[in-house]
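Indexing begins at 1, ligand by ligand and atom by atom, following the structure's order.
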Amino acid sequence: MDFRYRYTDEQEEFRKEIRDWLAANVPDDMRAPVDRLDLSDEQYWFWRDMHLKLAEKGWLNPTYPKEYGGGGLSGEHETIILEEFRRARVVPSFTNTLIYPTLLVWGTEEQKQQFLTPMLKAEKIAFQLFTEPNAGSDLASLQSKAVRDGDDWILNGQKIYISGHGDPDWLYGPLITDPDAPRHRNLGYFMVPYPSDGLSMERMGLLTGHDQSMFFLDNVRVQGDHLVGQEGQGWQVSQTTLEVEHGGRGIAFPIDESMDNLLTYVKGTRHNGGSLGDDPVVQQDTMEALLETHVHTLLAQRNYSMYQARQEMSYHGSQASMFRKEYHMRNADRARNVMGMYSLLGVREPRAPFKGEPEVFQRSSLTGAHPGGTIEIQKVIMARRMGISRTRERAAPTPSTTGVRGV
Ligand SMILES: Cc1cc2nc3c(=O)[nH]c(=O)nc-3n(C[C@H](O)[C@H](O)[C@H](O)COP(=O)(O)OP(=O)(O)OC[C@H]3O[C@@H](n4cnc5c(N)ncnc54)[C@H](O)[C@@H]3O)c2cc1C
């Protein structure tokens with residue numbers, strides 16, 4: 001039986017429209033660099049402008065409601081768009097998009113108009129402001145505080161590891177609003193405008209470069225209508241953000257460029273008068289890598305279809321997320337076994353295979369194990385949801401399970 005998905009004629013037309021448009025509008029030198037940190041200022045501003053156009057066409061945020069600046073399109077459309085974006089090396093949105101589902105579920109109509117619409121239209125960008133020096137995995141240990149001052153809030157504290165390229169327009173995340181309230185009832189979830197008086201940003205240097213920042217909040221004044229959800233509901237609002245971040249929306253079109261490159265390398269490299277693939281050890285490594293990539297694709301697509309079908313989710317998001325983080329590290333090792341020292345040559349080395357992608361992957365597979373819940377935390381979540389832990393939990397509400405329009 002052939003399980004392959006067949007696109008309809010109309011869908012193939014849609015694909016052609018995107019492909020032709022991108023070919024006509026994205027010059028070669030503006031395509032995503034192998035190392036995303038090599039994005040030049042010129043490329044950054046090209047893509048800020050291009051995102052406006054892609055949003056206008058409904059392709060940037062395809063499945064979100066049209067009334068808020070999304071595309072109002074189906075999951076199948078999103079899959080085709082992502083396939084074509086990948087082919088054309090489109091640079092993705094500079095917003096940390098986890099805020100979209102969060103605002104759909106928890107935002108008031110005014111907040112959707114004020115925050116969601118300009119972000120879906122790509123006019124404004126936002127970063128996720130969750131982690132603190134003493135609160136990463138254990139987010140309930142946050143220390144940054146928000147204190148009421150008339151209708152406003154005054155924010156103080158420090159956030160760390162905040163991902164994002166360029167300057168944001170907003171930062172979003174939880175702070176303590178009531179230090180005396182019990183855990184999980186003591187937070188508020190804020191949209192914090194940037195720049196603001198008292199708010200400063202300092203770039204960090206991780207193994208993967210300078211795309212993470214620290215933010216310092218020193219008596220930052222934020223208007224009362226920038227609180228998403230009720231006072232004391234910040235934990236619950238954060239859980240919606242995290243539910244999606246932990247893999248709960250799935251992935252329409254999972255991409256693994258490193259796997260493609262590994263296969264191409266093995267097929268195309270001559271060794272001892274034959275193909276590198278003739279070597280039984282290389283064969284073993286490459287096939288293990290391929291198998292694991294395929295398993296992850298299936299898990300991510302299963303989650304995507306469950307999400308689109310508005311099915312109840314449980315451990316599924318964390319299962320895919322955990323597997324992705326683990327197999328990325330294993331595949332980075334396998335690529336190093338197969339390509340040897342060449343896999344360690346950086347993007348500017350002429351002899352680096354695939355313009356240095358394997359070297360970028362060696363580093364990003366390590367840093368990638370942390371954001372969006374570490375491997376251990378994904379296991380903790382799965383255990384809680386499968387009923388084999390001291391504490392039990394259900395999946396947090398998302399646009400899919402709450403039935404709001406647009407997923
Ligand atoms: C590249 C990158 C991008 C990031 N982007 C963002 C961002 O945009 N916004 C943001 O807010 N944060 C961001 N983060 C921060 C990220 O969310 C945290 O690093 C993560 O939550 C882990 O927190 P921590 O670093 O404080 O580690 P810790 O929580 O201190 O964990 C240290 C180790 O202990 C383990 N551990 C902790 N608790 C348990 C437990 N209960 N059971 C078993 N093991 C446990 C962890 O798995 C880990 O191995 C980013 C981090 C990185 C590396």
Ignoring hydrogens and geometry beyond distance, is a side-chain donor-acceptor pair present between Thr398 and Glu243 at under 3.5 Å?
no
Mind checking whether Glu376 has an N or O less than 3.5 Å away from an N or O of ligand 1?
yes
For atom 50 (C) of ligand 1, what's the nearest protein heavy-atom neighbour? Residue, atom name and distance, please.
Tyr161 O, 3.5 Å
Distance to 0.1 Å, residue and atom name: give those for the protein heavy atom nearest to atom 52 (C) of ligand 1.
Pro371 CD, 3.8 Å
Indicate yes or no: does an N/O atom of Thr374 lie under 3.5 Å from an N/O atom of ligand 1?
yes
Heavy-atom distances under 4.0 Å decide this one: backbone, side chain, both or neither, for Gln212 against ligand 1?
side chain
Closest to atom 42 (N) of ligand 1 among protein heavy atoms sits Val380 CG2, 3.9 Å
May I ask you to list the atoms of ligand 1 that are less than 4.0 angstrom from any heavy atom of Thr367?
53 (C)
Of all protein heavy atoms, the one nearest atom 5 (N) of ligand 1 is Ser163 OG, 2.7 Å
If we count only N and O atoms by modelled type, under 3.5 Å, do the side chains of Ser213 and Arg203 hold a donor and an acceptor together?
yes
Is atom 7 (C) of ligand 1 touching the protein, meaning some protein heavy atom lies under 4.0 Å away?
yes
At what distance is the nearest protein heavy atom to atom 21 (O) of ligand 1, and which residue and atom is it?
Gly136 C, 3.5 Å
Give a yes or no on whether atom 30 (O) of ligand 1 lies under 4.0 Å from any heavy atom of the protein.
no
Under 4.0 Å between heavy atoms, the region of Ile377 that gets near ligand 1 turns out to be side chain
Tell me, yes or no, whether the heavy-atom count around Asp151 atom CG, taken from other residues, nucleotides or ligands under 6.0 Å, exceeds 12.
no
Before signing off on this row, confirm whether Ala135 and ligand 1 have an N or O atom pair separated by under 3.5 Å.
no
Just by distance, no angles: are the side chains of Thr241 and Tyr189 close enough, under 3.5 Å, to form a donor-acceptor pair?
yes
Among protein heavy atoms, which lies nearest atom 28 (P) of ligand 1, and at what distance?
Ser137 OG, 3.7 Å
Among protein heavy atoms, which lies nearest atom 16 (C) of ligand 1, and at what distance?
Thr131 OG1, 3.7 Å
How about Arg394: does its CZ atom have over 12 heavy atoms from other parts shown lying under 6.0 Å from it?
no
From atom 34 (O) of ligand 1, is the closest protein heavy-atom distance below 4.0 Å?
no
At what distance is the nearest protein heavy atom to atom 27 (O) of ligand 1, and which residue and atom is it?
His370 CE1, 3.8 Å
Kindly indicate whether the side chain of Asn134, heavy atoms from C-beta on, has any atom under 4.5 Å from the side chain of Ser141.
no
Is the number of heavy atoms from other residues, nucleotides or ligands under 6.0 Å of Phe216 CZ greater than 12?
yes
Do Arg302 and Gln319 get their side chains close enough for a donor-acceptor pair, meaning under 3.5 Å?
yes
Should Asp35 and Arg348 count as an ion pair when the cut-off is N to O under 4.0 Å?
no
Got an N/O contact under 3.5 Å between Glu132 and ligand 1?
no
If every non-hydrogen atom of Met119 is compared with every non-hydrogen atom of Tyr100, which pair is closest and at what distance?
O-OH, 3.6 Å
Is the CZ atom of Arg86 crowded by more than 12 outside heavy atoms at less than 6.0 Å?
yes
